[in-house]
Amino acid sequence: MTPLNRFEIHQPATITEASRMLLEHGEEGGCYAGGTELLLALRHRALQYQHLVDIKVIPGLNSIQAANDWIDIGAACTHRDIERSPLIREKLPVVAEMESHVANVRVRASGTIGGNLCFAEPHSDPATLLLALEAVVRTEGESGARELRVDELINGAYSNSLEPGELLTSIHIPVLLPVQRAAYVKYQIRERPALGLAVVLDTPDGGATISQARIAIGCLCPFPRRSAAAEEMLRGSREEVEALIPQAAEVLADDAELIDDNEGAADYKRHLLGVFLRRAVARALDGA
Amino acid sequence: MKRPGDFRIVNHSVPRADGVAKVTGRAMYTSDIELDGMTWAKVLRSPFAHARIVSIDTAAARQSPGVLDVITGTDLASLRPYYGHAVKDHPILAIDKVRFIGEPVAAVVAEDDLSAEEALQLIEVEYEELPSVMEVDASLAPEAPLIHDEAYTEGAFRGFKDGRQASGNVCQYVKVKWGDAAAAFASAAHVVENEFHFPMAYAYAMEAYVAIADYSKKGLTVYSSAQHPFMVRHDLADIFDLPLNAVRMIIPYVGGGYGSKSYTKIEPIAAVCSWRTGRPVKLRLSIDEAFLTTRGDDARVRIRTACDAEGKFLARQATIHLNTGAYAENSPLVCAKAANRIIGPYLIPNVDIDCYAVYTNTVPASSYRGFGSTQVTFPAESQNEELADLIGVDPFEFRMRNLAQRGEVIYPGLRPIDADVPGDLRQIESKFEEWGAVQEGRGRAVGCSASDAGSHPVTSAMIHVYSDGSVSVLSGATEIGQGSHTVLAQIAAEEMGVPMSKVRVVGGDTAITPFERSTGASRTTTLMGRAVLEACREAIAQLMSFAAEALGVAQSALIEECGGVRHGDTQWSWGEVIEKHFKHKDTSIIGRAYLRQTGDLKLMPPFWEIGVVGTEISVDQETGKIRLERLMTVGDVGLAINPAAAEGQDLGAATMGIGVGLFEELIYDGQQLTNGSLLEYRVPRFSDLAPDIHMTLAQNQDGSGPYGAKGGGEGSLNPIPACLANALYRATGARVRRLPLTPERVWRALQERPKV
Ligand SMILES: Cc1cc2nc3c(=O)[nH]c(=O)nc-3n(C[C@H](O)[C@H](O)[C@H](O)COP(=O)(O)OP(=O)(O)OC[C@H]3O[C@@H](n4cnc5c(N)ncnc54)[C@H](O)[C@@H]3O)c2cc1C
């Protein structure tokens, strides 16, 4: 086994202290949450931190809170915390369901949602669903707190828009309105998903018509994205929407800049987008 | 011969001797061992597929804290730095040039692994890149660069057939021919011809390679995860020119092999590190490095089969190209096996097979569970099914018309078939009947294979029988997870008439255990099991004469009983006989047995390993994803010494077949291996197992092993990929001739299907 390089662990008591530590160590330091990505990257010398700031010891960073119309998930919550949270299961079952299929139980037990989003690995399940749910991520740093959309936080493959010393602190998710139905579907052969697709559909009449649609795709593109043009196509009666699914999928595929790689050739991924868009809409509307 | 029902311990699923230690984490593996003064080695690997080494600057690495030595190929001139049991083409560390990305170029020895790793980063190597060949066709092209320009010597155990037939980049060539195939094809009623591709696969084992070497004036001791300690001993003795008794291989528990741990791997590197530093050295690879150490041969098979109007085979012709990678390793053997295992358990009167193992600038290929059979059963059984369809005969019926009956010879000069293969197939057939009609969208298929298994029958065993009635079995076979230590103890307990708790298997130490050629080719139960049985019988023969002497009667007056001897009212256990013989407590006697290629083991192979499986799959026609719904295996093992262990082997083997059948494939993009890690290389998971699994054992006591036992453990892998492909055809009408059957590949085949 390749040994890790030498490093020092720092355990801050507050977010402010964590932020200060990160600033102090600059390029040589980084946040350490569950370590599931970090340790692999350090082992492969893709990251070369000499100082790890262990943020999961910060009190409160792993709390889950809810009000009537939103849920707040602390950045240091593990996938397992979220999957098993009664609050989330009740108020946002689509999130709990998605989380229960992230990675494997070992990764879910230590990997955090914050680490998932900040690492911006292209094959993220949460990022795609959170984008469709119009979640907002909250950050804190030297220059104060910010709120960002998921596609503002993740601005490229393995790239985020956090400033030096800035931490992701929580994810704020509006709960679905009574007229909204959501579904997340994914396609996976290997260790990480090859395609993730989330839909949030507004249907005032129990599924007969769709007044508004949000669609987010991930994994087959460098970072998750939505397409206004495709969303526009999924408005109308259910029949109309279903008839336009293939075209909407084409639009999504055009947007995704699909490439041939070990996960499949671009034409296959294009085809899969059609299959899974249909399955996602059906699951959202029929719960199947 | 004892029959099932007559046994006390054999043929019972007794608990594994190593089970508790393994599941509680107390079992010792090489990784767990720490020697006094032990240091660590790390290996610098080549970033080029083919390059000349211009210079290596180790000065900075030597200055790095904790570093004891930095060793490169040029430091090995006083040794015999090339090894290989088949072809001595493998340098311990690259000499003058590198032949694949990942080849060891230098080793750092340091006080701890991190210091070694840090120093690696300070070694400067200057390379001059050479043109590389990554695939068989490129390697065989007339203008292809030569990967090995030196004339290597043959290894001691299986060299170039008839001298180096091999020329250019051909590592080994094997021809199998009988009858007149050309004439048979010319007049055949039906002929099918196709090309098939078997992927480059990695025999993933949970434990990566690890070795600890301790070289001193007294000799060399190596702890290792090796599967064939005596073969590794040979290479090490040769490298250092040491007598056999000065090289001691100790093999603790091994965390799986599946072919990847056979023959010499990293032991020579650890050994030269210790030789240079005079300190014990541990070298432990990561799984990512294991991916760069060995793999299975990928194969392209052009195959043509003819049958008559009744569906009887007339001829088979095939040209097999194996991509053997940068070094021969065990591929000359895989080459020979692929050439003859493409026949299957069938009678084919005219055969003409050419098999080439071809060097390329990729990770060296070696043994992979099934040894060549996996690669060729896929084309053979796919094509058999195509022929059956062509003439409109049911797949079972087609096979029945062609299967060899017990005692028939499928391969001239080899042992006649020692199994009832048609009977095995009938078991699958009746299970299929029980399952009823196949649901829409699903497909069902049967498949079979025959492998000349067992390898050279050169096996010795020794037992100590103690005066307190306990027994030790000294066996050179490696407990690699297959359960051999349990099975061998069962045989000794059965023969010596003692409970399992009184038997201990001492294994894995070449200074203590007698010679065993290898732990592979499914041989251990058959050959080591038989040697243990014979050693017990030899001990009992001595004990009978000792008892006669002690009683002052003729041996013929004694009655041998379970666990001892009786004469009139006098009843002595074997322990009592020993104590009376020596008139001393705590004494013991030695029973021994040697197996050679003589008597009933004269004809090769020692036994045929039969694989007979049935599968049912469902297919997501939109994504192309296949799911195995039902699996049945028939383990034709003669007699299962431990039925649960035998079934475990069948399930494991079949699961490996699911891996290579559905997902496993090492992918090169140009010179670079793109998925050499477990995150990228998909091995089977529990969730991939069929929800409905039936494992049966055929126990006809028709093998050359103890009580008529024969080996298992590979058979149930070999036909699985073909079975999946044939089931896919049944389900969808799509025929895929390239493994693995990835969803994308299946989806494309579904698109290209002739429209009905
Ligand atoms: C085998 C495997 C399979 C996986 N499969 C899936 C899958 O199917 N679907 C999926 O979505 N994901 C998958 N993942 C990714 C997994 O979800 C992430 O590894 C995990 O969530 C990362 O969290 P962590 O706490 O371990 O992050 P760490 O490894 O600790 O950190 C990751 C990165 O984020 C930074 N970071 C962490 N927290 C913060 C913060 N609060 N603020 C700022 N920066 C921060 C770290 O500095 C580091 O650069 C898989 C991972 C593995 C190893």
Side-chain angles (χ1 to χ4, degrees), chain A residues 1-7 36-37 39-46 48 50 101 103-107 111 119 121-123 185-195 197 220 245-246 249 258-280 282, chain B residues 31 40 42-43 45 65 110 112-118 120-121 207-210 282-290 620-626 662-669 673-683 685-688 740-748 750-751:
Chain A
M1 183 110 80
T2 317
L4 292 164
N5 275 334
R6 289 163 220 279
F7 59 79
T36 55
E37 297 285 20
L39 297 191
L40 280 178
L42 291 175
R43 233 181 250 298
H44 286 112
R45 310 293 188 278
Q48 303 258 18
Q50 286 148 47
H101 292 110
N104 54 57
V105 72
R106 282 174 59 200
V107 171
F119 197 62
E121 209 282 340
H123 303 86
V185 292
K186 67 170 164 175
Y187 174 71
Q188 180 166 359
I189 299 295
R190 289 190 280 162
E191 206 49 42
R192 299 179 194 254
L195 174 155
L197 195 153
L220 35 58
I245 283 177
L258 301 173
I259 54 159
D260 294 349
D261 60 17
N262 284 355
E263 275 159 14
D267 65 334
Y268 179 59
K269 294 177 186 167
R270 180 173 285 271
H271 162 76
L272 288 179
L273 272 173
V275 171
F276 283 91
L277 181 56
R278 191 170 42 64
R279 290 183 184 182
Chain B
S31 258
W40 292 77
K42 290 283 167 191
V43 173
R45 295 175 182 276
D112 60 277
D113 60 344
L114 182 53
S115 300
E117 181 72 30
E118 284 172 341
L120 275 192
Q121 298 163 40
E207 177 196 42
Y209 303 100
V210 48
K282 183 185 264 189
L283 173 60
R284 187 172 71 182
L285 303 193
S286 65
I287 293 285
D288 292 8
E289 288 180 288
D620 180 336
Q621 304 238 358
E622 287 185 322
T623 61
K625 199 169 179 173
I626 292 177
L662 299 184
F663 347 93
E664 290 189 45
E665 179 174 30
L666 291 168
I667 300 169
Y668 270 90
D669 179 5
L673 180 61
T674 60
N675 62 341
S677 88
L678 280 181
L679 279 178
E680 306 291 326
Y681 184 84
R682 168 75 152 86
V683 296
R685 308 192 177 117
F686 280 110
S687 55
D688 296 317
L741 305 172
T742 58
E744 181 177 354
R745 219 164 254 159
V746 170
W747 173 73
R748 284 191 198 290
L750 292 171
Q751 308 306 301

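As a basis for the values below, the full set of heavy atoms in this structure was taken, side chains included, without hydrogen atoms, waters or symmetry mates. Numbered from 1 within each chain, the chains take letters A, B, ... in sequence-line order.
- When heavy atoms are compared at a cutoff of 4.5 Å, A:Leu272 approaches chain B solely by way of its side chain, counted from C-beta outward.
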Please assess B:Glu622 against A:Arg279 for the test side-chain contact (heavy atoms from CB on, under 4.5 Å), listing each intermediate value before the final yes or no.
-> CA-CA 11 Å; B:Glu622 287 185 322; A:Arg279 290 183 184 182; 2.6 Å; yes
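- If you measure heavy-atom distances from A:Arg6 to chain B, the contacts under 4.5 Å come from both the backbone and the side chain.
- With a 4.5 Å cut-off on side-chain heavy atoms, B:Trp40 and A:Pro3 do not count as touching.
- A salt bridge does not link B:Asp288 with A:Arg43: every distance from a Lys NZ or Arg NE/NH1/NH2 to an Asp or Glu carboxylate oxygen is 4.0 Å or more.
- For A:Asp261, no part lies under 4.5 angstrom from a heavy atom of chain B.
- Inter-residue side-chain proximity for A:Leu4 and B:Glu117 is flagged as unmet; no heavy-atom pair is nearer than 4.5 Å.
- Contact record, B:Arg748 with A:Ala265: NH2-CB, 3.3 Å, taken as the closest heavy-atom pair.
- Side-chain atoms of B:Lys625 do not come within 3.5 Å of backbone N or O of A:Tyr187 as any donor-acceptor pair.
- Closest non-hydrogen pair, B:Phe663 versus A:Ile189, comes out as CD2-CG2, 4.2 Å.
- Contacts between A:Leu40 and chain B at a heavy-atom distance below 4.5 Å involve the side chain alone, from C-beta outward.
- Interface check for chain A: of the options B:Val210, B:Leu114, B:Asp688, the most heavy-atom pairs under 4.5 Å are formed by B:Leu114.
- Counting heavy-atom pairs under 4.5 Å between each of A:His44, A:Arg192, A:Arg278 and chain B puts A:Arg278 at the top.
- With chain A as partner, the option from B:Glu665, B:Arg745, B:Gln121 having the largest number of non-hydrogen pairs under 4.5 angstrom is B:Gln121.
- Residues satisfying the salt bridge (Lys or Arg N to Asp or Glu O under 4.0 Å) test with B:Asp112, not counting sequence neighbours, are none.
- Pairing each heavy atom of A:Arg190 with each of B:Leu679, the nearest pair is CB-O, 4.5 Å.
- Contacts of A:Asn5 with chain B are made by both backbone and side-chain atoms, with heavy-atom separations under 4.5 Å.
- Counting heavy atoms from C-beta outward, B:Tyr681 and A:Asn262 have side chains that stay 4.5 Å or more apart.
- The only member of B:Arg682, B:Arg685, B:Glu680 that meets side chain to side chain contact (heavy atoms under 4.5 Å, CB included) when paired with A:Glu191 is B:Arg685.
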